[in-house]
There are 2 protein chains.
Amino acid sequence: MALTTELDRVIADRLEQHDMRYTSGRRAIVAALRAIGGPVTLPELLTFSGEVTQSSAYRNLALMQEAGVVRRLVHGADHAHFELAEELTEHHHHLICETCGTVEDFTLDDELERALDDAFVRVAQATGATPTSHLIDVFVVCSNCTAS
Amino acid sequence: MALTTELDRVIADRLEQHDMRYTSGRRAIVAALRAIGGPVTLPELLTFSGEVTQSSAYRNLALMQEAGVVRRLVHGADHAHFELAEELTEHHHHLICETCGTVEDFTLDDELERALDDAFVRVAQATGATPTSHLIDVFVVCSNCTAS
DNA sequence: TTGCTTGCAAATGATTTGCACTGCT
DNA sequence: AGCAGTGCAAATCATTTGCAAGCAA
């Protein structure tokens, strides 16, 4: 199967570095994550991509997370959400509806983001820890749920 | 049983508003959360407070969360973490060790926190949503885990 | 007594895993 | 051939829930 896009190439590389093949099942998952464009639950992913099996989806998402291709988000809701790793897309944060559990992306302007990073490094180092990444969740009641 | 501290009084009030009693089991949970001072998993809580039963602990933590007394934190780790609600303590964020799952609190200075709040309100309203709260997680490798 | 609480044991449900099979390489 | 990947069904395990008994107002 041909590598169609630049993103596919990058992903194929990362997987190779972890001795993983970029199989059609994995392509299907990536394609779905890309098409949907935001964090998705596993059931949503399966619905979108009929060809994918539940256990393989879980397995491949876990492996691809290990390879830095996928990110798993856990909130209070029943299902975890999955999205493409930030390095493959763009650093962003999440708007989470407390009522329906839907997750949307948003970004902060660079200046604020830099100020945060500085603060995080300072805080982490004060405890002797090394910061690796951060996550900002803003909880909301979305327009859908406000209505009802 | 007498109300010993100001915090107990506030908690008793909140529970009453939700038609809940501030029973000894609930006191034990609150006492443990207070004594430990940071986010705790349920097994940790049970170990600390031998008198508490698993199912009652889960039930009471859920109810107290509903009443705004407890906050539940969910990360990738096996167990959720529980802590006293921010309104009873202080607005803060979390430093999470990617390796061992330990969670520690930290705070940001007011100016930065205000800038963030403004940004969040702006972002949320752009989608028609109403922001209610936010959560900042900084992932680290803690000094313990760096060592090993 | 009425109804919130509790403890125990059983149920739930998302996620993981064992195993035999398929298909790259 | 050799080994990663897949699908199915069964196992896990944190968390939830049903139910009968306890206790406060």
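Order of the sequence lines fixes the chain letters, A, B, ..., with proteins taken first and strands second; residue numbering starts at 1 for each chain.
- Within the 4.0 Å cut-off from OP1 or OP2 of C/dC4, not a single side-chain nitrogen or oxygen of B/T23 is found.
- Partners of B/R14 by salt bridge (Lys or Arg N to Asp or Glu O under 4.0 Å), not counting sequence neighbours, listed by chain and number: B/E87.
- Each of B/R21 and B/A80 was assigned the nucleotide of DNA chain D with the nearest heavy atom; the assignment lying further toward the 5' end belongs to B/A80.
- For the 3.5 Å distance criterion, the side chains of B/E104 and A/T127 fail to qualify, holding no donor opposite an acceptor.
- Straight-line distance from the CE atom of B/M20 to the P atom of C/dG3: 18 Å, rounded to whole Å.
- With sequence neighbours excluded, no residue forms a salt bridge (Lys or Arg N to Asp or Glu O under 4.0 Å) with A/E16.
- The side chain of B/H79 places no N or O atom within less than 4.0 Å of a non-bridging phosphate oxygen (OP1 or OP2) of D/dC13.
- If you take CD of A/E51 and P of D/dC8, they are 14 Å apart, rounded to a whole angstrom.
- Separation of atoms NE2 (B/H18) and CG (B/L63) is listed at 10.5 Å; rounding is to 0.5 Å.
- Following rounding to the nearest Å, B/E44 (CD) and D/dT15 (P) show an atom-to-atom distance of 12 Å.
- What separates CE of B/M64 from P of C/dT5 is a distance of 10 Å, to the nearest Å.
- We find that OH of A/Y22 is positioned 14 Å from P of C/dT25, with the value rounded to whole Å.
- Against DNA chain D, the stretch residues 54-63 of chain A makes heavy-atom approaches under 4.0 Å through A/S55, A/S56, A/R59, A/N60.
- The aromatic rings of B/H93 and B/F106 sit tilted relative to each other, their planes meeting at an angle between 30° and 60°.
- No hydrogens or angles considered: a donor-acceptor pair under 3.5 Å links the side chains of B/E98 and A/T132.
- Straight-line distance from the CG atom of A/L46 to the P atom of D/dT6: 14 Å, rounded to whole Å.
- If you take CD of A/Q65 and C1' of C/dT15, they are 13 Å apart, rounded to a whole angstrom.
- The NE2 atom of A/H75 sits 17 Å away from the P atom of D/dT15 (whole-angstrom rounding).
- Distance from the side chain of A/R26 is smallest to D/dG5 among C/dT6, D/dG5, C/dT16.
- No more than 12 heavy atoms of other residues, nucleotides or ligands lie within 6.0 Å of CD in A/E66, so this atom counts as exposed by the packing criterion.
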